[in-house]
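Lettering of chains follows the sequences in order, A, B, ..., and the numbering in each one begins at 1.
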2 protein chains.
Amino acid sequence: MLDKFLPYRLSFTTNLVSETVASAYEALFGLRIPEWRLIAVVAENPEGITQQAIGLKTRMDKVTVSRAAASLIDRHLLARQPHRADQRSHLLTLTPAGHELYRAIVPKALELEHRIFSRFSENEIAQFESMLRRIDEIVLDGAI
Amino acid sequence: MLDKFLPYRLSFTTNLVSETVASAYEALFGLRIPEWRLIAVVAENPEGITQQAIGLKTRMDKVTVSRAAASLIDRHLLARQPHRADQRSHLLTLTPAGHELYRAIVPKALELEHRIFSRFSENEIAQFESMLRRIDEIVLDGAI
DNA sequence: ATGATATAGTTTCATTTGCAACTAATAGCG
DNA sequence: CGCTATTAGTTGCAAATGAAACTATATCAT
């Protein structure tokens with residue numbers, strides 16, 4: 001039963017992968033997963049992005065986002081720009097050091113991904129990703 | 001970058017699915033995920049199984065297993081049999097109430113799984129599971 | 001046998017997590 | 001405008017997690 005139960009298998013595999021990835025980021029860059037996610041999202045939104053937008057995109061709790069942001073700002077990897085349109089929030093952007101770190105992480109992340117999926121063809125990888133997204137859709141559509 | 005990064009996608013999807021499953025188990029049976037896993041594993045090992053064997057199989061921390069077992073024993077869903085071969089451990093078995101609960105959960109779990117994967121063909125489901133297992137192999141083989 | 005080392009399981013403690021309450025700013029409605 | 005309701009983000013608190021220390025039993029080498 002359990003062994004063939006897909007939510008269990010999914011969780012099992014994800015834990016394995018996440019542990020691997022988390023310890024690599026920690027060892028190489030001193031970043032935890034939420035911190036790395038913020039760096040990546042902010043890097044992809046060079047015009048700046050609010051914490052709540054990050055939360056929406058990644059489904060991370062706003063508390064998690066808040067704490068990751070605070071920690072990165074402390075370390076001068078992230079900066080807050082005033083947000084004209086809504087002064088409750090700020091726009092997060094990367095500092096030069098943040099950019100540099102991002103550029104250093106990306107190739108390592110891709111390399112790691114490549115190793116984890118080393119026995120998959122391009123085609124299989126695409127298919128796997130598409131299946132994950134279909135599951136997301138189903139669950140998010142509330143078809144539960 | 002992040003959006004296409006497979007360890008991230010995997011974690012994203014798993015979180016969605018796990019939240020769904022966890023709240024269903026909690027609401028329907030008052031069980032947390034580790035507790036449900038113990039019930040299932042013990043049900044599949046009617047001759048009894050030790051906590052450490054459960055930990056090995058499921059990769060749950062021994063503390064998690066210990067606490068889930070204690071809680072289930074408190075609720076008379078699980079019982080400890082003496083373990084002749086090694087008295088540091090016990091063999092966990094289901095009580096009649098535990099069996100009954102197990103028989104009640106299984107169809108609900110399958111139904112939920114069915115809903116989550118409703119847009120997948122049998123074939124796709126098999127393929128998805130096999131991919132997850134291949135990832136497990138790669139990571140567990142230390143090919144990282 | 002006897003002492004040294006290892007293992008099963010529990011307990012303790014520190015860390016992580018996320019909900020809920022809070023603060024500050026905004027939006028909507030009279 | 002001015003009052004109420006809502007939202008962005010932080011802080012406080014309680015629950016969940018896991019590493020490390022601990023207890024009890026087992027194994028192994030002499």
To the nearest angstrom, the NZ-P distance between B:Lys62 and D:dT23 comes to 14 Å
**Prompt:** Any side-chain donor-acceptor pair under 3.5 Å between A:Arg88 and A:Gln52?
**Reply:** no
Query raised in the report: So do B:Tyr8 and A:Thr58 actually touch side chain to side chain, heavy atoms under 4.5 Å?
Result: yes
Taken to the nearest whole Å, CD/A:Gln52 to P/C:dT26 is 15 Å
Item checked: Phosphate OP1/OP2 of C:dT10: any B:Ser66 side-chain N/O under 4.0 Å -> yes
If the cut-off is 4.0 Å, is B:Gln87 near the phosphate of C:dG9, judged by side-chain N/O to OP1 or OP2? no
Rounded to whole Å, the CD-P distance (A:Glu26 to C:dT16) equals 9 Å
Whole-Å distance, A:Arg88 CZ to D:dT6 C1', equals 7 Å
### Query
Are A:Arg67 and A:Ser71 linked by a side-chain donor-acceptor pair shorter than 3.5 Å?
no
Q.
Quiz question: going by heavy-atom distance under 3.5 Å, is there a donor-acceptor pair between the base of D:dG9 and the side chain of A:Arg67?
A. no
**Item:** Plane angle bin for B:Phe117 and B:Phe128 - parallel if under 30°, tilted between 30 and 60°, otherwise perpendicular
**Value:** tilted
A:Asp61 atom CG is separated from D:dT10 atom P, nearest whole Å, by 12 Å
The residue, A:Val63 or A:Asp86, whose nearest nucleotide of DNA chain D is more 5′ is A:Asp86
(request) Report yes if at least one side-chain N or O of B:Thr64 is closer than 4.0 Å to OP1 or OP2 of D:dG18; otherwise report no. (result) yes
In whole angstroms, the gap separating C1' of D:dG9 from CZ of A:Arg80 amounts to 8 Å
Under 3.5 Å, is there a donor-acceptor pair linking the side chains of B:His83 and B:Ser89? yes
Separation of C:dG18 atom P from B:Glu19 atom CD, nearest Å, is 8 Å
Between CG of B:Leu78 and P of C:dG9 the distance, given in whole Å, is 12 Å
request  = Identify whether any heavy atom of B:Arg32 sits under 4.0 Å from a base atom; if not, whether one sits that close to sugar-phosphate; answer base, sugar-phosphate or nothing.
outcome  = sugar-phosphate
